Amino acid sequence: MGTSHPSAGPPLCVLLLPAPLERFILRDQAEDLLRAPRVVAVGPGRVPYGAYGRLPRAVARRLAALEARRMLRSVRGGVPRAVVIFHALQEPVARAIVDAVPGCELWYWRWDRYEVAYDASPRLRARLTELHEAAAARAALVPAVSSELARLETAAGREATLVPMSADGFPAPLGGRVVAISLGHLGRRTDWALLRAVGERLGDDLVALMVGALHEDESKGDLDLAAVRAMPQFVWLGALDDEAAARLIMCSDVGFVPFRVEPFNDAALPYRIIKYARLGRHTVTPALAGVQTWARAVTVAADPAAFAAALLEHAGARAHPDAELREWALAQTAPAQNAPLWERLRELGIVEEEEPEER
């Protein structure tokens with residue numbers, strides 16, 4: 001590199017992140033180490049780390065030396081005593097840093113078998129194997145995320161320290177007492193104020209699977225919609241085909257219809273009710289007149305408090321769906337529902353014989 005890094009100053013540990021911290025798979029553990037004032041992180045440079053596995057070795061070494069010099073300039077207030085890499089492709093840059101700083105050691109964090117990556121060509125795999133062996137041989141510390149990775153290092157005659165992964169940043173809410181599903185259009189017909197109130201009342205006791213296209217443009221500027229969108233208990237799954245939707249209903253305790261109570265909605269018969277019922281799930285709805293057509297399948301709630309309570313009443317139903325409700329729903333076939341129409345067709349002489357039973 002031409003010149004070495006100054007040797008005076010407090011010791012530092014430098015994490016060479018292969019990706020921006022917010023997208024790094026080991027983010028939790030990196031952030032934990034960064035709580036120490038003398039642990040610093042350096043993000044990816046101008047040259048992607050992947051390039052060091054594809055370029056000719058001499059070119060890769062020159063670029064790595066330049067990148068190492070840039071990184072060392074960015075590290076102020078101390079002297080690197082440990083450089084941490086998380087992928088074999090980082091070995092050239094790490095080696096250049098360690099060579100430039102007397103007394104600096106390498107840590108090689110193993111969280112995958114990079115050298116046998118399924119998406120690498122045979123040529124790249126060979127290069128990754130070479131870089132892996134070089135990094136592992138030089139490393140003073142090899143944290144390995146699994147016992148198998150640690151065993152492989154031992155089998156190769158090296159030592160590894162088992163350091164399994166953490167998931168501190170992954171949500172772990174308590175609750176989830178009821179899993180409810182909404183199937184269908186989400187837009188101007190949706191009572192966002194109702195959903196907001198129910199979500200606020202139930203909190204993490206509710207998991208609401210929102211299946212259907214979300215038309216935010218139809219409720220532009222609606223503060224209730226904005227509030228619901230920000231609630232983690234509402235899971236937005238978009239439009240799905242019937243097969244996928246049916247499986248999600250199977251994973252749910254109860255269906256619900258989040259329609260506004262207004263003339264357009266009041267007289268309608270929401271199609272989703274019969275779909276939920278075919279899987280033995282009841283439906284919670286606002287006080288809409290049309291839903292009484294299928295009174296067998298619905299619980300009508302007059303206000304958000306009643307709506308929330310009705311949802312909770314069905315908690316756990318996914319483990320024991322209502323078999324009688326399912327039988328009732330499966331009997332609501334097109335021929336059965338169309339019986340008055342078939343009768344009139346016969347009266348008009350358009351249909352001369354009874355339809356076969358299999359209809």
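All of these numbers come straight from a predicted model, not from anything done at the bench.
Among all heavy-atom pairs drawn from A227 and R196, the shortest one is CB-NE, 3.4 Å. When all heavy atoms of A30 and L21 are compared, the closest pair comes out as CB-CD1, 4.0 Å.
Taking the six-membered ring where tryptophan is involved, the planes of Y108 and H132 are tilted, since the angle between them lies from 30° to 60°.
Under the 3.5 Å distance criterion, the side-chain polar atoms of S121 are matched with a main-chain donor or acceptor of L124. Remark: the backbone N or O of L106 is not paired with any side-chain donor or acceptor of R138 at under 3.5 angstrom.
In summary, the side chains of R272 and S182 do present a donor paired with an acceptor at a separation below 3.5 Å, with no hydrogens or angles considered. When only modelled atom types and interatomic distance are considered, R189 and N265 share a side-chain donor-acceptor pair under 3.5 Å.
The hydrophobic cluster around W294 extends to V257, F259, V261, L269, Y271, I273, I274, L288, V291, V298, V300, L325, W328, counting ILVMFWY residues whose side-chain heavy atoms fall within less than 4.5 Å of a member. Cluster partners of L279, by chain and number: V179, I181, L183, V207, L209, V211, V235, L237, L240, L248, I249, M250, Y276. The rule joins Ile, Leu, Val, Met, Phe, Trp and Tyr whenever side-chain heavy atoms lie under 4.5 Å apart.
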Identify every side-chain donor-acceptor pair in residues 35-46 under 3.5 Å, counting partners at least two apart or on other chains, and give the distances.
residue : atom : partner : partner atom : Å
R35     : NE   : D32     : O            : 3.4
R35     : NE   : D32     : OD1          : 3.1
R35     : NH2  : D32     : OD1          : 2.7

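Residues in residues 301-322 take part in these ring pair (Phe, Tyr, Trp, His ring centres under 6.0 Å) pairs, two or more places apart or across chains: H282-H314.
With salt bridges taken as basic N to acidic carboxylate O contacts below 4.0 Å, one links R110 and E153. Between R158 and E133, at least one side-chain nitrogen of the basic residue sits less than 4.0 Å from a carboxylate oxygen of the acidic one, meeting the salt-bridge criterion.
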* Take R125 and E115 through the salt bridge (charged side-chain N to carboxylate O under 4.0 Å, His left out) test and state the conclusion after the steps. => CA-CA 5 Å; R125 283 192 181 188; E115 70 280 10; over 6 Å; no

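Among residues two or more places apart in sequence or in another chain, the side chain to side chain donor-acceptor pair (under 3.5 Å) test is passed with Y52 by none. With sequence neighbours left out, the ring pair (Phe, Tyr, Trp, His ring centres under 6.0 Å) criterion links Y49 to no other residue.
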